[in-house]
S.K.: 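Let me begin by handing over the structure; questions about it come next.
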Protein chains: 2
Amino acid sequence: MSCAMNDLYTVNQLAEELGVTPRTLRFYEDKGLLSPNRQGNNRVYDKRDRARMKLILRGKRLGFSLAEIAEYLDLYKIDGNGIEQLRVLLRRVRERRDVLERQREDLEATVAELADIEDQVAAALAERGAAPVEGQGGPG
Amino acid sequence: MSCAMNDLYTVNQLAEELGVTPRTLRFYEDKGLLSPNRQGNNRVYDKRDRARMKLILRGKRLGFSLAEIAEYLDLYKIDGNGIEQLRVLLRRVRERRDVLERQREDLEATVAELADIEDQVAAALAERGAAPVEGQGGPG
DNA sequence: CTGTGCATTTACGTTTACGTCAACGTTACT
DNA sequence: AGTAACGTTGACGTAAACGTAAATGCACAG
């Protein structure tokens with residue numbers, strides 16, 4: 001037995017839990033986004049790896065590329081930087097926030113339009129007397 | 001002169017105005033996302049084409065694929081559908097709205113984290129006495 | 001010691017969303 | 001007629017994000 005008492009995962013286990021393929025986890029490791037421990041030759045993922053993967057997946061849902069996500073993850077490494085590095089970091093954080101703000105506007109506009117469309121569709125359905133599933137007595 | 005009194009554009013004009021390349025416009029047409037009129041052999045875009053392109057670009061900023069955007073644009077074609085079609089349409093509109101709601105949550109979580117990071121970076125800068133540019137009397 | 005099963009690396013295939021020529025046609029000036 | 005600017009349609013190239021074998025390793029049941 002594999003003695004899994006500590007919230008540790010194999011590639012397959014973590015992949016299934018997060019709804020991705022093992023290939024994806026290895027690919028992200030290849031890209032430097034993950035660096036799980038090894039037990040011999042095999043990858044062993046812990047809770048920190050899992051949390052990091054969740055951040056990555058969130059970034060993907062937001063439409064960022066893996067390169068952008070890598071930059072985003074770097075933002076967490078605050079320690080050990082010089083003052084100039086911190087200033088650069090601060091700029092990047094704000095840039096990224098700006099992107100997200102624009103995205104928020106796009107999102108709200110789109111949601112509003114979808115609401116409009118939904119209303120129109122509902123109206124079109126009503127106009128054809130389709131709401132109560134059987135009433136044929138529409139307004140002609 | 002090209003007699004452009006009616007808000008009409010050539011590929012190059014519309015492309016520049018929207019910050020894309022002519023190739024992109026032709027590519028989208030190839031994918032069925034656009035269908036501008038032709039004047040002889042040349043494409044002529046009008047305001048409706050322009051508006052459609054803006055919707056496409058917004059979809060892209062939201063991280064949707066061109067295929068998904070195509071579906072989204074189809075949502076506008078409410079007329080001429082049967083009741084069953086309208087029901088399907090309504091389902092799709094709601095599905096898409098759900099996706100966007102999830103995206104909104106992701107977005108807000110990320111913005112919050114970026115705010116945290118920003119605070120931490122600011123604190124780290126302060127701790128190293130970087131705000132007034134010269135104060136050396138940190139808490140050592 | 002021979003499978004069975006999970007894991008690994010290496011490498012080529014695929015899809016999406018264009019970029020980048022190449023070869024050609026049209027209009028417009030000179 | 002020359003040529004420059006702008007347009008067209010292929011056709012091939014490319015980067016990202018994996019999919020999909022193929023060949024190998026390692027552990028343990030029988």
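For the numbers below, each heavy atom of this structure counts, side chains included, while hydrogens, waters and symmetry mates do not. Numbers restart at 1 for each chain; the letters A, B, ... are given by sequence-line order, proteins then strands.
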S.K.: Tell me, please, which residues at least two apart from B:V93 pass side-chain contact (heavy atoms from CB on, under 4.5 Å).
M.R.: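 side-chain contact (heavy atoms from CB on, under 4.5 Å) check on B:V93 returns A:L114, A:I117, A:E118, B:L75, B:L89.
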
S.K.: Thinking salt bridges, do B:E29 and B:R38 make one under a 4.0 Å N-O criterion?
M.R.: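 Salt bridge between B:E29 and B:R38, a charged N being under 4.0 Å from a carboxylate O: yes.
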
S.K.: Given atom CD of A:Q13 and atom C1' of C:dG5, what is their separation to the nearest angstrom?
M.R.: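 Rounded to the whole Å, the gap is 14 Å.
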
S.K.: Report the distance from atom CD of B:E68 to atom C1' of C:dT16, rounded to the nearest whole Å.
M.R.: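 Whole-Å distance recorded here is 12 Å.
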
S.K.: Between A:E101 and A:R104 (salt bridge meaning N to carboxylate O under 4.0 Å), is one present in this structure?
M.R.: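 Answer for the salt bridge query: yes.
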
S.K.: Take atom CE of B:M53 and atom P of C:dA17, then tell me their distance rounded to the nearest Å.
M.R.: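 Whole-Å distance recorded here is 13 Å.
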
S.K.: Is the count of non-hydrogen atoms from other residues, nucleotides or ligands lying under 6.0 Å from B:R92 atom CZ greater than 12?
M.R.: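 It does not: B:R92 CZ has 12 such atoms or fewer within range.
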
S.K.: Side chains of A:L90 and A:L86: does their closest heavy-atom pair fall under 4.5 Å?
M.R.: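 With C-beta onward as the side chain, the pair stays apart.
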
S.K.: Within the structure shown, what part of the strands sits under 4.0 Å from B:R26 by heavy-atom distance: base, sugar-phosphate, or nothing?
M.R.: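 Result for B:R26 = base.
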
S.K.: Quickly work out the B:I69 CD1 to C:dT16 P distance and round it to whole Å.
M.R.: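 To the nearest whole Å, that distance equals 13 Å.
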
S.K.: Do B:I83 and B:V88 belong together in a cluster built from hydrophobic side chains that touch within less than 4.5 Å?
M.R.: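 No, no single cluster joins them.
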
S.K.: Using whole Å, what does the distance between atom P of nucleotide D:dC18 and atom CG of A:L25 come to?
M.R.: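 Atom-to-atom, A:L25 to D:dC18, this comes out as 10 Å.
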
S.K.: Which atom pairs link the protein and nucleotides 24-29 of chain D when you take only N or O atoms and keep those under 3.5 Å?
M.R.:
none

S.K.: Heavy atom of residues 29-39 of chain B under 4.0 Å from DNA chain D: which residues?
M.R.: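 The answer is B:R38.
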
S.K.: Whole angstrom is fine here: how far is it from CG in A:L18 over to C1' in D:dC18?
M.R.: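 Going from A:L18 (CG) to D:dC18 (C1'), I get 16 Å.
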
S.K.: Return each pair, listed once, that meets ring pair (Phe, Tyr, Trp, His ring centres under 6.0 Å) where at least one residue sits in residues 71-118 of chain A; pairs must be two or more places apart or across chains.
M.R.: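 Every pair satisfying ring pair (Phe, Tyr, Trp, His ring centres under 6.0 Å) with a residue in residues 71-118 of chain A: A:Y72-A:Y76.
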
S.K.: Is it true that, when you exclude B:E108 itself, more than 12 heavy atoms of the residues, nucleotides or ligands shown sit nearer than 6.0 Å to its CD?
M.R.: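 More than 12 heavy atoms, drawn from other residues, nucleotides or ligands, come within 6.0 Å of this atom.
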
S.K.: With heavy-atom distances below 4.5 Å as the criterion, would you say the side chains of B:M53 and B:Y45 are in contact?
M.R.: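 The answer is no; the side chains never approach within 4.5 Å.
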
S.K.: I'd like to compare against my own output: the B/S/- annotation of nucleotides 18-25 of chain C with a strict under-4.0 Å heavy-atom distance to protein.
M.R.: BBB-----

S.K.: So what is the 5' to 3' dot-bracket string for DNA chain D, if pairs are Watson-Crick or G-U wobble with both distances under 3.5 Å, crossing pairs use [ ] and | means the partner sits on another strand?
M.R.: ||||||||||||||||||||||||||||||

S.K.: Check whether any side-chain heavy atom of A:T110 lies under 4.5 Å from a side-chain heavy atom of B:R97, and answer yes or no.
M.R.: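 Heavy-atom side-chain distance check fails, nothing below 4.5 Å.
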
S.K.: About how many Å separate OH of A:Y9 and CG of A:D49, when rounded to the nearest 0.5 Å?
M.R.: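 Reported value, rounded in 0.5 Å steps: 10.0 Å.
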
S.K.: Answer yes or no: is there a side-chain heavy-atom contact under 4.5 Å between B:D46 and B:D7?
M.R.: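 They are not in contact (no side-chain heavy atoms under 4.5 Å apart), so the answer is no.
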
S.K.: A:R58 and B:E113: salt bridge (charged side-chain N to carboxylate O under 4.0 Å, His left out), yes or no, with the steps?
M.R.: CA-CA 12 Å; A:R58 198 172 67 191; B:E113 279 172 19; 2.8 Å; yes

